[in-house]
Amino acid sequence: MNAFAFFILGALVVAAALAAVVLPNLRHAGASLLGFTAAVGILSVASGAYATGALQLLLPAIVLVLMSVSLAGTRIPVITGAKLPSRRAMVVGAAVSIGFAALLLTTFAIGGSGWHAGAGVAALVSVLHLRTPYAFVIALITVVIGVGGALMAGRTGSDERRLDRTLEERRLRDERAQRRREDRDAARRSRGTVADEGGG
Amino acid sequence: MSAGPGHFAVLSAIVFAIGLYGVISREDTLGELMALVVLLTAPLIALVGFAQTGKGGSVPPFGNAFAVLALLCTLAEVAAASGVAMLVWRRLQSSQLDDLVDVDVN
């Protein structure tokens with residue numbers, strides 16, 4: 001792979017990863033995360049791993065679309081309420097991550113050229129089919145169970161929507177009753193004041 | 001000049017460190033999940049890079065196969081965790097991880 005293209009894609013990957021981690025607004029962070037996975041997929045394609053890159057580009061998009069369609073109409077207020085991390089958490093996180101990065105880089109540097117196996121001529125699909133079929137099937141089943149479980153857990157049933165509506169109606173009724181009570185009290189007070197003035 | 005395994009190793013380490021920073025510092029569930037995705041993608045970059053640019057030439061692309069398996073597992077984990085995050089919100093009306101400390105599971 002051309003080094004120039006690698007550096008450009010690498011810079012994109014790092015920038016998108018930073019944005020996904022640092023941005024306090026979760027919508028912006030989610031968009032950055034999608035950009036990050038897309039940049040990693042493009043990097044894989046550019047380095048020659050076409051099938052892997054295509055999967056990295058397609059799978060997150062498919063899962064996102066599936067979840068968006070299934071959860072359409074469901075309130076997702078979990079998106080709101082995010083805030084910037086505390087200063088102490090930021091300092092600890094930065095220190096630990098810099099330490100781990102140094103450890104990884106040292107390990108790679110000491111390992112020299114002995115830690116990579118090499119490119120191959122066999123197609124990825126044949127490897128997944130012939131050499132690692134059980135792992136592949138188990139991973140696929142895990143994905144189906146994970147996504148299915150998330151949809152079951154995350155979606156709101158009709159009974160829950162009915163309950164939400166009932167609670168909302170009760171809240172409005174209580175508010176109206178409270179307002180009526182306050183108006184009555186205010187009217188009584190003003191009547192009392194007028195009577196006092198008339199009597200005096 | 002072409003990019004070698006060392007380039008991919010450095011990029012993978014940087015992305016891993018960024019993801020780790022996010023996992024430690026974020027306090028909301030979805031932000032934490034996003035940081036986790038970044039962290040878990042770092043090994044994929046290394047696996048693909050090593051498989052494509054490493055020495056040899058006769059070894060089948062096990063690196064790519066591992067990357068695909070890891071990607072599938074990451075997706076499953078993130079999907080399940082986001083479902084749990086929504087459940088937690090519905091129960092606690094909060095997306096902050098600190099609020100989970102007082103959760104009564106009964």
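First the proteins, then the strands, lettered A, B, ... as listed; each starts at 1.
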Between [options], which residue shows the highest count of heavy-atom pairs closer than 4.5 Å to chain B?
{"options": "A/S47, A/S32, A/A16, A/A17", "answer": "A/S47"}
{"options": "A/T37, A/V40, A/I138", "answer": "A/V40"}
{"options": "A/I145, A/T142, A/V21", "answer": "A/V21"}

Self-check item: chain A contact via B/I18 - which portion, at a heavy-atom distance below 4.5 Å
Solution: both
Exercise. Determine whether more than 12 heavy atoms belonging to other residues, nucleotides or ligands lie under 6.0 Å from atom CZ of A/R171.
Key: yes
Can you tell which part of [X] gets under 4.5 Å to a heavy atom of chain B, answering side chain, backbone, both or neither?
{"X": "A/F4", "answer": "neither"}
{"X": "A/L18", "answer": "both"}
{"X": "A/L140", "answer": "both"}
{"X": "A/V14", "answer": "both"}

Exercise. Please report the closest heavy-atom contact between A/F36 and B/V38, naming both atoms and the distance.
Key: CE2-CA, 3.9 Å
Quiz item: Would A/E175 and A/Q178 satisfy side-chain contact (heavy atoms from CB on, under 4.5 Å), going step by step from the backbone distance to the final call?
Solution: CA-CA 5 Å; A/E175 268 182 18; A/Q178 174 75 18; 5.7 Å; no
Quiz prompt | Test log, rule side-chain contact (heavy atoms from CB on, under 4.5 Å), inputs B/L33 and B/T29 | solution = CA-CA 6 Å; B/L33 275 176; B/T29 45; 5.8 Å; no
Quiz item: With side chains defined as the heavy atoms from C-beta onward, is the minimum distance between B/L11 and A/L43 less than 4.5 Å?
Solution: yes
Quiz item: Does B/V48 belong to the same Ile/Leu/Val/Met/Phe/Trp/Tyr cluster as A/F6, with side-chain heavy atoms less than 4.5 Å apart forming each link?
Solution: no
